[in-house]
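Beneath this line is the structure, given in structure tokens, with notes to follow.
Treat the numbers as computed from the prediction; the structure is a model and nothing was measured. For reference, positions follow the sequence shown, starting with 1.
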Amino acid sequence: MRALKDALGNFSGSLLDIGCGHQPYRKLVLSAPSKATKYIGLDLAENIYQQPDLVWDGRQVPLPDASVDSCLLTEVLEHCPDPEGVLREVARVLRPGGFMFLTVPFIWPIHTVPNDQFRYTPFALRRILENAGFSYPAIEATGGRHAVLALTLGLWVRRRALTSRVHVVTRAVLSFLLWPVIWLLLKMDRRPDRFEESTMIVGLSAKVFKPE
């Protein structure tokens with residue numbers, strides 16, 4: 001969320017939200033400092049949350065060339081069998097000078113089985129962005145070493161299997177005990193500004209403009 005808020009000023013005109021799900025960012029991306037004036041939610045026909053504005057097949061975007069000003073992809077590329085092909089589609093539908101913001105996970109459980117395909121390092125993400133036609137992507141970590149531990153603890157306590165009432169009570173107690181630790185870890189966290197040996201990250205964000 002912090003990375004998206006930092007990028008809001010780059011959005012303008014018509015904004016395509018690819019893999020929009022229940023559209024949690026619709027209100028945010030249409031609010032200042034964003035200059036986006038129209039929101040288009042794109043998702044699969046079997047989207048369980050709500051009917052998207054446009055339906056796609058997960059590969060081809062059903063819009064003409066150079067027809068939108070901005071694109072948003074949050075936690076989508078890990079589900080795409082051909083992520084580079086999807087990014088080429090983004091480059092196709094973006095107008096010259098158009099802006100794209102995306103996020104991908106690095107630490108996250110397997111989810112939406114069997115459609116969880118990839119986890120991305122900054123080096124792989126940069127390569128597929130450049131291969132898709134985007135130059136000089138600004139790639140940043142969405143969380144550092146302390147956030148990784150906080151996330152791991154939170155996932156362990158909240159997503160562990162529950163098989164009895166004892167386990168329900170145990171989860172409640174552990175959640176109560178761990179919450180101050182998780183809060184402190186998140187307060188202490190600093191996102192790494194370089195990707196070096198043994199760097200730990202939660203995930204990545206990328207800000208990029210289509211070449212004029």
Establish, from distance only, whether the side-chain atoms of D17 and Y25 form a donor-acceptor pair under 3.5 Å.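 No donor-acceptor contact under 3.5 Å links the two side chains.
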Does either side chain, that of S175 or that of R158, offer a donor lying less than 3.5 Å from an acceptor on the other one?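 Indeed, the side chains of S175 and R158 share at least one donor-acceptor pair under 3.5 Å.
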Rounded to the nearest 0.5 Å, what separates atom [atom1] in [X] from atom [atom2] in [Y]?
X    : Y    : atom1 : atom2 : answer
L204 : R126 : CG    : CZ    : 10.0 Å
L185 : L178 : CG    : CG    : 10.0 Å
Q51  : Q23  : CD    : CD    : 10.0 Å
K207 : T103 : NZ    : OG1   : 13.0 Å

Under the side chain to side chain contact (heavy atoms under 4.5 Å, CB included) criterion, do R92 and V61 qualify, and how do the steps go? CA-CA 9 Å; R92 180 184 66 79; V61 177; 4.2 Å; yes
Main-chain N/O of [Y] paired to [X] side chain as donor or acceptor, under 3.5 Å:
X   : Y    : value
H79 : N115 : yes
S67 : L63  : no
K35 : G9   : yes
E84 : I128 : no
S70 : F11  : no
R95 : A66  : yes

Less than 4.0 Å between a side-chain N and a carboxylate O, is that true for R26 and D53?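 R26 and D53: salt-bridged.
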Please determine whether a side-chain nitrogen of the Lys or Arg among D116 and R119 lies less than 4.0 Å from a carboxylate oxygen of the Asp or Glu.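 Salt bridge: yes.
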Do V90 and Y136 sit in the same hydrophobic cluster, where Ile, Leu, Val, Met, Phe, Trp and Tyr count as joined when their side-chain heavy atoms come under 4.5 Å apart?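 In one cluster with V90: Y136, no.
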Is it true that Y39 and V55 fall in one hydrophobic cluster, defined by side-chain heavy atoms closer than 4.5 Å?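 Different clusters: Y39 never reaches V55 through Ile, Leu, Val, Met, Phe, Trp or Tyr contacts under 4.5 Å.
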Would you indicate whether the side-chain heavy atoms of [Y] and [X] approach each other to under 4.5 Å?
X    : Y    : value
L15  : I40  : no
L54  : D43  : no
V76  : L102 : no
I18  : L72  : no
T142 : I201 : no
L8   : P33  : yes
F101 : V208 : no
L155 : P109 : yes

Can you see which heavy atom on [X] is nearest to which on [Y], and at what distance?
X    : Y    : value
R88  : N131 : NE-O, 4.0 Å
F118 : C80  : CE1-O, 3.2 Å
R191 : A3   : NH1-CB, 4.5 Å
A36  : L30  : O-CD2, 3.7 Å
L129 : A206 : CD1-CB, 4.0 Å
R59  : D57  : N-OD1, 2.8 Å

Give a yes or no on whether the ring-centroid distance for F106 and Y120 is below 6.0 angstrom.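 No.
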Just do the side chain to side chain donor-acceptor pair (under 3.5 Å) check on D69 and S12 with the steps written out, would you? CA-CA 6 Å; D69 300 287; S12 64; 5.0 Å; no
Whether over 12 other heavy atoms sit under 6.0 Å from [X] [atom1]:
X    : atom1 : answer
L177 : CG    : yes
F123 : CZ    : yes
E196 : CD    : yes

Using 30° and 60° as the class limits, which term best fits the ring planes of F209 and F99: parallel, tilted or perpendicular?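 The rings of F209 and F99 sit tilted, inter-plane angle from 30° to 60°.
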Pair V86-W56, side chain to side chain contact (heavy atoms under 4.5 Å, CB included): steps then yes or no: CA-CA 11 Å; V86 169; W56 75 325; 4.0 Å; yes
What verdict does the side chain to side chain contact (heavy atoms under 4.5 Å, CB included) test give for E78 and H111, after you've listed the backbone C-alpha separation in whole Å, the side-chain angles of each residue and the deciding distance to 0.1 Å? CA-CA 10 Å; E78 71 270 22; H111 58 293; 3.7 Å; yes
Between L73 and M100, is a side chain to side chain contact (heavy atoms under 4.5 Å, CB included) present by the stated rule, with each step listed? CA-CA 8 Å; L73 297 89; M100 176 180 66; 3.6 Å; yes
